Amino acid sequence: MRWLVALLGCAACGGGFDYEGTAGRPQPVAFPSLVPVAPVVVDAAAPKSFGIDTGAPGTLIDSGAFPSRPLGAGTAALGVLGLRFASVPAQTGGYFTADDPLGGLVGADLLAHFAFSLDYKGARAWLSDPFSPANAPADLGAGAEVDVPFGLVGAHRVTFQATIEGQPPTWVLLDTGATAVTLDEGFYAQLGGAARPRLDGLKVVTVNGIATGFWTRVWRVTAGGASPGASPGASVDDVQAIVVPGSMLFRNVAAETGRDVRVLLGGKFLRSFFTTIDYQAERVRLARYVDPTHIDPDEWIRPGFRLTLRGGAWTVTTVYVGTDASAKGMLEGDVVLQIDGMAIVGLGSDAVDALMRGRPVGGSVAVELRRGAQTIDVQVLVEDLLPHYPPPA
């Protein structure tokens with residue numbers, strides 16, 4: 001790597017991506033659905049929210065957010081996590097909807113020239129060049145680091161071996177753009193477990209449209225530590241996972257990488273750690289949070305429906321199968337007006353979610369909803385939608 005010293009900091013070249021600014025400075029980010037989202041400047045326009053996604057091969061710019069950009073392949077000047085890039089390859093197209101109003105994705109072709117650090121608890125992220133422990137904030141609150149070697153294959157894919165529930169080691173792909181651990185349906189069937197929880201009715205957006213899947217749990221996921229003589233890996237117990245039957249995802253990943261990847265590791269695993277994907281050293285650095293108060297152990301104790309903000313209205317987008325919400329006749333597309341007598345129009349997602357959580361199992365939530373010209377009142381039970389699944393004794 002060649003370095004050029006500038007008055008305003010450091011300008012360096014990383015594999016063809018010249019940048020200005022000082023790397024290694026933590027920047028505030030949000031983690032909606034455990035996906036890192038940061039303000040990004042494109043061609044000097046006003047900042048827009050972009051996902052920072054190791055699972056995206058390149059940078060995508062949404063034409064709805066940037067209507068003046070020509071469609072298709074090109075380049076863009078980007079401001080990302082405190083650094084400024086004069087020219088980054090980017091593809092512009094219609095990638096997002098009003099339900100998911102991102103301006104785009106910053107992908108692995110840019111990230112692969114840095115060490116990309118994610119502080120899930122502190123809502124911070126940064127790019128280091130090279131990695132240095134000194135860049136971590138003093139209030140990080142993380143323990144000893146576990147290093148997991150990886151190899152870059154395909155389109156900058158971070159792959160390594162992990163152990164799931166004591167099964168033989170399997171290839172996994174690390175994806176910061178994925179909310180959960182995602183299991184290939186054949187691998188899920190291989191795990192078995194008659195008592196394993198399952199919550200049907202999950203809607204997943206794929207390149208082929210909306211697919212239906214389900215939530216489940218696995219009792220342990222261990223990243224690394226699979227090869228003889230390797231140091232112990234980093235484990236998380238009682239991990240939430242999703243399965244999408246019929247998906248071509250894993251077949252496509254295998255074709256691209258030449259590896260039989262059976263699992264995606266997303267935010268439900270990574271949030272237990274201060275996580276650095278150190279592309280330069282080909283190491284994933286995982287330091288467990290000492291006090292993981294950012295993880296709610298009761299996050300699945302709630303009514304059996306999900307809301308999304310659509311056109312300014314909080315709209316039911318998921319009604320889980322077999323729940324009281326389903327039995328009471330709630331439907332996708334219903335607009336919720338009030339929860340327990342509180343109008344939710346104009347509230348943010350955190351405030352709306354708080355109204356649905358923190359209640360005892362067996363309690364109820366009063367919901368006023370609009371369906372067409374009708375206003376309907378329902379009492380919906382609070383349920384443990386996805387019971388815990390700890391390791392066997």
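All values reported here derive from a predicted model rather than from experimental measurement.
Residues F160 and F187 are members of one and the same hydrophobic cluster, defined by side-chain heavy-atom contacts under 4.5 angstrom among Ile, Leu, Val, Met, Phe, Trp and Tyr. Cluster annotation: V335 is not connected to I339 through the hydrophobic network of ILVMFWY side chains, with a link wherever side-chain heavy atoms come within less than 4.5 Å. I376 and M356 end up in the same hydrophobic cluster when Ile, Leu, Val, Met, Phe, Trp and Tyr side chains are linked at under 4.5 Å. V35 and I61 fall into different hydrophobic clusters, where Ile, Leu, Val, Met, Phe, Trp and Tyr are joined by side-chain heavy atoms under 4.5 Å apart, directly or via other members. Linking Ile, Leu, Val, Met, Phe, Trp and Tyr whenever their side-chain heavy atoms come within less than 4.5 Å leaves L337 and L307 in two separate clusters.
Within 6.0 Å of atom NZ in K328, more than 12 heavy atoms from other residues, nucleotides or ligands are found, so the atom counts as buried in its surroundings. Counted within 6.0 Å of CZ on R25, heavy atoms from surrounding residues, nucleotides or ligands total 12 or fewer; the atom is thus considered open. In D377, the CG atom is crowded: over 12 heavy atoms of neighbouring residues, nucleotides or ligands sit closer than 6.0 Å.
In this structure, the separation between CG on L183 and CG on L191 is 6.5 Å, given to the nearest 0.5 Å. Interatomic distance, CG of N135 versus CG of D129, reported as 10.5 Å (0.5 Å rounding). D334 contributes atom CG, which lies 4.5 Å from atom CG of L369 (distance to the nearest 0.5 angstrom). Note that OG1 of T222 is 6.0 Å distant from CZ of R220, once rounded to the nearest 0.5 Å. Atom CE of residue M330 and atom OG1 of residue T318 lie 11.0 Å apart, to the nearest 0.5 angstrom.
The minimum heavy-atom distance linking G362 with L381 is given by the pair O-CD2, 3.7 Å. The minimum heavy-atom distance between D237 and P391, with the atom names listed, is OD2-CG, 3.4 Å. When every heavy atom of L270 is checked against every heavy atom of T275, the shortest pair comes out as O-OG1, 3.4 Å. The minimum heavy-atom distance between A223 and V148, with the atom names listed, is O-CG2, 3.7 Å. Here the closest heavy-atom approach between residue L110 and residue F114 is recorded as O-CD1, 3.4 Å. When every heavy atom of D296 is checked against every heavy atom of R357, the shortest pair comes out as OD2-NH2, 2.7 Å.
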Go through the steps for D238 and H388 under the test side-chain hydrogen bond (donor to acceptor under 3.5 Å, both in side chains), then give the verdict. CA-CA 6 Å; D238 191 20; H388 291 289; 2.5 Å; yes
D324 and Q379: side-chain hydrogen bond (donor to acceptor under 3.5 Å, both in side chains), yes or no, with the steps? CA-CA 9 Å; D324 186 63; Q379 291 280 339; over 6 Å; no
Given D62 and R69, is the salt bridge (Lys or Arg N to Asp or Glu O under 4.0 Å) satisfied, shown in steps? CA-CA 9 Å; D62 186 65; R69 284 189 58 85; over 6 Å; no
How far apart are the C-alpha atoms of T170 and R262, what are their side-chain angles, what is the distance that settles it, and do they pass the side-chain hydrogen bond (donor to acceptor under 3.5 Å, both in side chains) test? CA-CA 7 Å; T170 188; R262 311 294 299 279; 5.3 Å; no
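Under a 4.0 Å N-O distance rule, the pair D139/R124 qualifies as a salt bridge. Using a 4.0 Å cut-off between charged side-chain N and carboxylate O, R271 and D119 make no salt bridge. Taking the charged nitrogens against the carboxylate oxygens, E256 and R251 have no contact shorter than 4.0 Å, which rules out a salt bridge. Using a 4.0 Å cut-off between a side-chain N of Lys or Arg and a carboxylate O of Asp or Glu, R310 and E332 do not qualify as a salt bridge. Salt-bridge annotation for D278 and R283: absent, with no side-chain N of the basic residue lying under 4.0 Å from a carboxylate O of the acidic one.
E20 places no side-chain N or O within donor-acceptor distance of the main-chain N or O of L83, the cut-off being under 3.5 Å. In this structure, S49 contributes its side chain and V37 its backbone to no donor-acceptor pair below 3.5 Å. Judged by distance alone, with hydrogens and angles left aside, the side-chain atoms of D175 form no donor-acceptor pair with the main-chain N or O of L265 at under 3.5 Å. Of the possible polar contacts, none joining the T59 side chain to the A90 backbone as a donor-acceptor pair under 3.5 Å is found. Looking at T75, its side chain never comes within 3.5 Å of a backbone N or O of V88 through a donor-acceptor pair. A donor-acceptor contact shorter than 3.5 Å links the side chain of R288 to the backbone of S235. Under the 3.5 Å distance criterion, the side-chain polar atoms of S132 are matched with a main-chain donor or acceptor of A134. D53 places a side-chain N or O within 3.5 Å of a backbone atom of G55 that can act as its donor or acceptor partner. Side-chain atoms of K121 come within 3.5 Å of backbone atoms of D291 as a donor-acceptor pair (strictly under, hydrogens ignored).
Every residue meeting the side chain to side chain contact (heavy atoms under 4.5 Å, CB included) condition with L347, not counting sequence neighbours, appears here in chain and number order: M342, I344, A351, V352, L355. Among residues two or more places apart in sequence or in another chain, the side chain to side chain contact (heavy atoms under 4.5 Å, CB included) test is passed with T216 by Y188, R196, F214, A241, V243. In this structure, E185 has no side chain to side chain donor-acceptor pair (under 3.5 Å) partners at least two apart in sequence or on a different chain. Residues satisfying the side chain to side chain donor-acceptor pair (under 3.5 Å) test with T159, not counting sequence neighbours, are R259.
The aromatic rings of F85 and Y19 lie tilted to each other, with the angle between the two planes from 30° to 60°.
Residues F116 and T276 have side chains not in contact (no heavy-atom distance under 4.5 Å, counting atoms from C-beta outward). Put simply, the side chain of W314 does not reach to within 4.5 Å of the side chain of V345, judged on heavy atoms.
W219 belongs to a hydrophobic cluster with Y389, counting contacts under 4.5 Å between side-chain heavy atoms of Ile, Leu, Val, Met, Phe, Trp and Tyr, direct or through other members. Grouped with V261 in one hydrophobic cluster are W171, L173, L249, F250, V253, L264, the linkage being side-chain heavy-atom contacts under 4.5 Å among Ile, Leu, Val, Met, Phe, Trp and Tyr residues.
Each of T323, D353, V361, V365 was checked for a side chain to side chain contact (heavy atoms under 4.5 Å, CB included) with R302, and the lone residue meeting it is D353.
Judged by the 6.0 Å distance and 45° axis criteria, R306 is positioned over the aromatic ring of W300.
Two rings, from F131 and Y279, have their centers 6.0 Å or more apart. Separation of the H294 and Y289 ring centroids falls under the 6.0 Å cut-off.
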